[in-house]
Amino acid sequence: MVTKDTQSIIGAFEAKTHFARLLDRVEHGETITITRHGRAIARLVPEDQHTRDRSLQAVERLKGLRGAAKGVSLAELIDSVHAEHRY
């Protein structure tokens, strides 16, 4: 296992073997990257961090749309983003 600040890298077999402990660590704010044959395949992140990351990505997408759609209101941009996610 490799540790960088509050981020760790762990192999898939070790992750499977110690999954409950990994969840405890994530619950305390750590991000864990799971690898298979040295290649990152998944990340365990604290829920609040995941939500924050998705929010920041959404803001960046809206900024990009705003530049490309002059004369369109922010409400219209938000509606267009939400329209892509309707079921």
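All figures in this text were calculated on a predicted structure; none of them were measured in a lab.
Distance check: Thr31 OG1 to Gln7 CD gives 5.5 Å after rounding to the nearest 0.5 Å. The structure places CZ of Arg21 at 9.5 Å from CD1 of Ile10, a figure rounded to the nearest 0.5 Å.
When all heavy atoms of Arg25 and Ser8 are compared, the pair lying nearest together is NH2-OG, 3.0 Å.
You'll find the side chain of Leu44 reaches within 4.5 Å of the side chain of Leu22, heavy atoms only. Here the side chains of Arg43 and Ile34 are not in contact, with every heavy-atom distance at 4.5 Å or above.
Tracing side-chain contacts under 4.5 Å through hydrophobic residues (I, L, V, M, F, W, Y), one never reaches Val45 starting from Leu23; they form parts of separate clusters.
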Just do the side-chain contact (heavy atoms from CB on, under 4.5 Å) check on Val26 and Ile32 with the steps written out, would you?
-> CA-CA 7 Å; Val26 170; Ile32 298 173; 3.9 Å; yes
